[in-house]
A.B. asks: 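Submitted below is the structure of interest, expressed as structure tokens.
A, B, ... follow the sequence lines: proteins, then strands. Residue 1 opens every chain.
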Amino acid sequence: MATRTRPSWLDQLNPEQQQVVLHAHGPLLVLAGAGSGKTRALTCRIAHLISVRGVDPHGILALTFTNRAAREMKHRVQELCGPEADGVFAGTFHSFGARFLRRHAPRVGRTNGFTIYDDDDQLRLLKRLLKAAGLGDRSVAPAEARRLVERTRRGMDPDAMNLPPGLQPAALRTLLDRYQAALDVANALDFGDLILRPAEALEADPAFCARIQAQRPWVLVDEYQDTDAVQERLLGALAPAGGDLMVVGDDDQAIYVWRGAQVDNILGFQERRPGSTVVRLERNYRSTAAILSAADGVIGRNRNRLGKRLLPTLGAGEPVEVAECQDGRDEARQVISAVSRAIRTEDAAPSDFAIFYRTNAQSRTFEDALRSRGLPYEVVGGVRFYDRAEVKDVLAYARLAINRNDGVACLRILNTPARGIGKKARGDVLAAAADGSPWDGVLAMAATSGRAGKAVTGFAALIDRLAELAQTLPPSQALAGICDESGYADMLRDRQAADPTARDRLDNLQELLAAAADHEEAREEATLASFLEAAALHTDVDNWDPAHGRVTLMTLHTAKGLEFKRVFLTGMEENLFPLARGGAVVDVEEERRLAYVGITRARRRLILSWARRRMIHGETRVCTPSRFLREIPPSALKTQLSPVESATAEHLARRSHRPPPDPFSDADFIDYDPDYDAQDSFVPALGARVAHAVFGEGEVVEHLGGHGPKTRVAVLFPARGVKRIVASYLTPVQT
DNA sequence: GGGTGTTATCTTTTT
DNA sequence: GATAACACCC
């Protein structure tokens with residue numbers, strides 16, 4: 001091997017990081033605790049492959065979950081080895097899938113101009129299909145239908161699912177078929193397709209698959225703990241068993257299990273890829289020892305984890321603080337006062353601060369408080385810019401101009417602004433379309449005389465004119481033309497007197513045009529189509545930049561992967577965090593991992609707040625402090641929690657002093673502590689699908705006795721055989 | 001057919 | 001508290 005000079009940055013890495021960078025060949029699993037420099041190890045490895053081992057950058061594929069993470073990774077590789085890094089593909093799973101499919105569209109029955117249906121598009125389509133199937137009214141909620149679609153994508157069988165009362169497996173199959181057919185007619189693919197279809201295309205043609213593998217033999221995956229079954233399938237196709245696949249993850253930061261991520265991917269990696277190397281990164285370079293102690297105290301309560309240390313490299317730092325507040329407004333007041341005080345007296349900058357919360361609804365009180373104090377702030381997440389109704393409407397015109405068969409787009413703007421195509425005419429259009437696209441219905445209706453026919457003719461002519469714009473003008477000008485020609489901008493202008501939001505909506509359209517202009521700057525060959533794809537795959541955090549110099553407000557989920565000097569973790573109350581649904585906490589361990597993610601974002605200062613009363617769903621509720629507060633070692637806290645709090649959370653305090661059993665002990669049978677999380681356990685029925693964090697998913701084959709959460713059951717795990725387990729260690733698999 | 005007002009519903013996290 | 005579906009009136 002032609003070894004070039006040993007780069008100086010290699011010496012700045014710790015031995016484990018060096019091991020990652022220098023790893024020669026074969027599968028590599030990196031278990032990286034929070035703040036352990038995993039991105040550094042990842043980027044240095046890529047740089048090392050290129051500049052020392054002489055690997056062709058085009059042979060490197062780095063997959064992440066957000067565009068922001070991908071951009072940052074690429075940027076850092078460029079810093080290390082210069083413009084050579086340009087050849088590396090660093091992108092999200094979805095952007096990789098989209099790019100792959102543009103190139104190989106015919107393999108999945110599409111043309112390369114296919115449209116991407118986002119969540120909202122998917123929901124609208126399902127809603128229409130449900131209505132057409134007579135399941136429209138409350139028997140099957142569209143969101144439920146979407147979950148079922150996603151579940152079948154991950155390989156589940158409708159017959160094995162727990163379906164809502166109004167839906168038979170056969171009806172679900174029909175629905176799925178119609179959904180698929182509608183996507184086919186529309187030349188559209190939904191988010192799930194962007195990953196599933198490439199996997200299927202590769203699996204279907206071994207020679208093709210081998211060619212792709214040879215093109216990009218180096219595959220690196222970040223945040224591996226959040227991959228789902230389909231993503232794992234894609235990775236299986238992209239990297240052969242003994243191939244150079246590197247995955248980096250932290251089972252303690254798995255916060256998307258609710259969305260189908262399977263922690264089993266990371267837990268079972270070594271088994272699936274024999275001969276793999278495992279490296280643990282446990283030295284933390286981000287946070288003070290006090291913050292790490294808090295993080296460790298909380299995550300240590302989880303039973304289902306591989307178990308990692310967080311070794312501090314910094315001093316103890318300031319103790320972690322807990323702020324008790326009277327209500328949500330008081331909480332906002334206290335938090336913002338602390339921010340403002342630190343800026344005044346401690347030379348802190350607004351961008352040092354992050355305010356985290358469990359649900360988006362909590363952001364408002366903080367926004368109000370920040371605004372009245374005149375502090376610059378930025379809310380990241382919530383309603384995505386590209387999900388705002390007016391933005392989606394205008395983009396729907398663009399989509400329809402490019403692709404007349406985009407049914408969701410067509411129906412969305414058929415009568416927006418109002419042009420005389422009401423409920424009746426809309427029904428006629430759909431009837432005329434039959435199994436074809438709604439546009440076929442539009443053309444059929446346009447051929448009729450009468451009032452509706454005339455209106456529809458006008459609509460068809462409008463779309464033809466817009467198509468002309470779309471073909472001849474750059475994206476920003478084409479969109480400007482759409483706002484004008486369609487009458488959409490006029491509609492908003494007319495509404496300004498009556499509707500105070502109309503002004504904001506007009507501003508949003510201006511912002512859309514600006515975003516399109518930015519896109520033109522950034523891409524060599526910017527087209528309206530490429531802008532639409534970027535818009536569909538864009539996330540809110542992609543734009544976030546500490547250089548904006550603002551206080552950052554975001555949910556804990558959005559915070560993953562980021563770090564801040566000073567962090568406020570707010571709403572630390574039972575039922576809010578951990579969040580309860582329908583009166584019960586669904587998965588405490590996942591909530592706890594979320595708390596762990598939040599705590600470990602903080603570099604220097606961490607303040608947790610809780611309110612005695614809080615408005616929830618429009619009514620004031622009395623709250624008790626989160627059990628997670630109790631789980632922080634008292635030695636890491638500035639002030640001890642008051643006795644009142646411990647009285648209200650007595651049972652939580654009691655259980656929190658018991659060490660969790662080791663989930664990896666060799667004992668075939670795991671002992672049960674009745675006080676521990678009893679309220680979160682359930683007793684699965686015979687034949688029920690259940691999940692175990694270590695063994696994965698299985699089926700209950702026998703009841704072995706015991707009562708309530710103590711019930712012991714035998715579970716058949718496809719990969720591991722039959723295990724006898726106490727029910728409380730199992731979670732139901734939603735079907 | 002369209003626009004307005006009312007009611008009902010449901011509130012998590014998102015590539 | 002906010003939004004969406006719904007009913008009613010023009």
A.B. asks: Could you report the tightest heavy-atom contact between A/V263 and A/A254, atom names first, then the distance?
C.D. replies: CG2-CB, 3.8 Å
A.B. asks: Nearest-Å distance, CD (A/E223) to P (B/dT14)?
C.D. replies: 14 Å
A.B. asks: Please indicate whether A/R329 has more than 12 foreign heavy atoms, meaning atoms of other residues, nucleotides or ligands, lying under 6.0 Å from its CZ.
C.D. replies: no
A.B. asks: Nearest whole Å is fine: how far is B/dC10 C1' from A/L123 CG?
C.D. replies: 15 Å
A.B. asks: Out of the candidates A/D193, A/L234, A/L238, A/V108, only one should pair with A/P198 under the side chain to side chain contact (heavy atoms under 4.5 Å, CB included) rule; please name it.
C.D. replies: A/L234
A.B. asks: From the list B/dT14, B/dT12, B/dG1, which nucleotide is the closest neighbour of the side chain of A/R451?
C.D. replies: B/dG1
A.B. asks: Please determine whether a side-chain nitrogen or oxygen atom of A/T558 lies at a distance below 4.0 Å from atom OP1 or OP2 of B/dT14.
C.D. replies: yes
A.B. asks: Take A/A425 and A/L537, find for each the nucleotide of DNA chain B with the closest heavy atom, and name the residue whose nucleotide sits nearer the 5' end.
C.D. replies: A/A425
A.B. asks: Using whole Å, report how far CG of A/D120 lies from P of C/dT3.
C.D. replies: 15 Å
A.B. asks: B/dT13 P sits how many Å from A/R593 CZ, rounded?
C.D. replies: 18 Å
A.B. asks: Which pair of heavy atoms, one from A/I336 and one from A/A369, lies closest together, and at what distance?
C.D. replies: CG1-CB, 3.5 Å
A.B. asks: Can you tell me if A/Y256 is stacked onto the base of B/dT14, using a 5.5 Å centroid cut-off and an angle below 30°?
C.D. replies: no
A.B. asks: Would you kindly give the CZ-to-P distance between A/F385 and B/dT14, to the nearest whole Å?
C.D. replies: 18 Å
A.B. asks: Distance check: side-chain N/O of A/R384 vs OP1/OP2 of B/dT15, anything under 4.0 Å?
C.D. replies: no
A.B. asks: As a test of reading the structure: which of B/dT14, B/dT15, B/dG2 is closest to the side chain of A/A418, going by heavy atoms?
C.D. replies: B/dG2
A.B. asks: Compare every heavy atom of A/N67 with every heavy atom of A/H538, then report the nearest pair and how far apart it is.
C.D. replies: CA-ND2, 4.0 Å
A.B. asks: Of all the base pairs, Watson-Crick or G-U under 3.5 Å, which form stems of three or more consecutive pairs involving DNA chain C?
C.D. replies: B:1-10 with C:1-10
A.B. asks: Are A/Q362 and A/T359 linked by a side-chain donor-acceptor pair shorter than 3.5 Å?
C.D. replies: yes
A.B. asks: The side chain of A/K424 is closest to which nucleotide in this list: B/dG3, B/dG1, C/dG1?
C.D. replies: B/dG1
A.B. asks: Begin with the C-alpha distance, continue with both residues' side-chain angles, and end with the deciding distance and a verdict on side-chain contact (heavy atoms from CB on, under 4.5 Å) for A/R593 and A/N302.
C.D. replies: CA-CA 8 Å; A/R593 292 192 292 267; A/N302 271 4; 3.6 Å; yes
A.B. asks: Please work out if A/I255 contacts a base, only the sugar-phosphate, or nothing of the nucleic acid, heavy-atom cut-off 4.0 Å.
C.D. replies: nothing
A.B. asks: Nearest whole Å is fine: how far is B/dT13 C1' from A/R358 CZ?
C.D. replies: 5 Å
A.B. asks: Which value, in whole Å, describes the distance between the C1' atoms of nucleotides B/dT12 and C/dA5?
C.D. replies: 23 Å
A.B. asks: Heavy atoms only, 4.0 Å cut-off, all strands: where does A/R495 land among base, sugar-phosphate and nothing?
C.D. replies: nothing
A.B. asks: On the nucleotide B/dT13, are OP1 or OP2 found under 4.0 Å from the side-chain N or O atoms that A/T555 carries?
C.D. replies: no
A.B. asks: Does the structure place the NZ or CZ of A/R384 under 6.0 Å from the centre of the six-membered ring of A/Y386, at an angle of no more than 45° from the ring's axis?
C.D. replies: no
A.B. asks: So for A/R259 and B/dT14, does any side-chain atom that can act as donor or acceptor lie under 3.5 Å from a complementary atom in the base?
C.D. replies: yes
A.B. asks: Donor-acceptor pair under 3.5 Å: do we get one between A/H617's side chain and the base of B/dT11?
C.D. replies: yes
A.B. asks: Taking side chain to side chain contact (heavy atoms under 4.5 Å, CB included) as the criterion, tell me which of A/T552, A/L569, A/T570 meets it with A/I355.
C.D. replies: A/T570
A.B. asks: Round to the nearest Å and state the distance from A/Y386 atom OH to B/dT15 atom P.
C.D. replies: 14 Å
A.B. asks: What's A/N360 touching, base or sugar-phosphate or nothing? Going by heavy atoms closer than 4.0 Å.
C.D. replies: sugar-phosphate
A.B. asks: Within this structure, what is the CZ-to-C1' distance between A/R364 and C/dA2, rounded to whole angstrom?
C.D. replies: 9 Å
A.B. asks: Indicate, with a heavy-atom threshold strictly under 4.0 Å, whether A/F191 touches base, sugar-phosphate, or nothing.
C.D. replies: base
A.B. asks: Taking atom types as they are modelled, is there a donor-acceptor pair under 3.5 Å from the base of B/dT11 to the side chain of A/R581?
C.D. replies: no
A.B. asks: For B/dG2, does OP1 or OP2 lie under 4.0 Å from any side-chain N or O of A/N415?
C.D. replies: yes
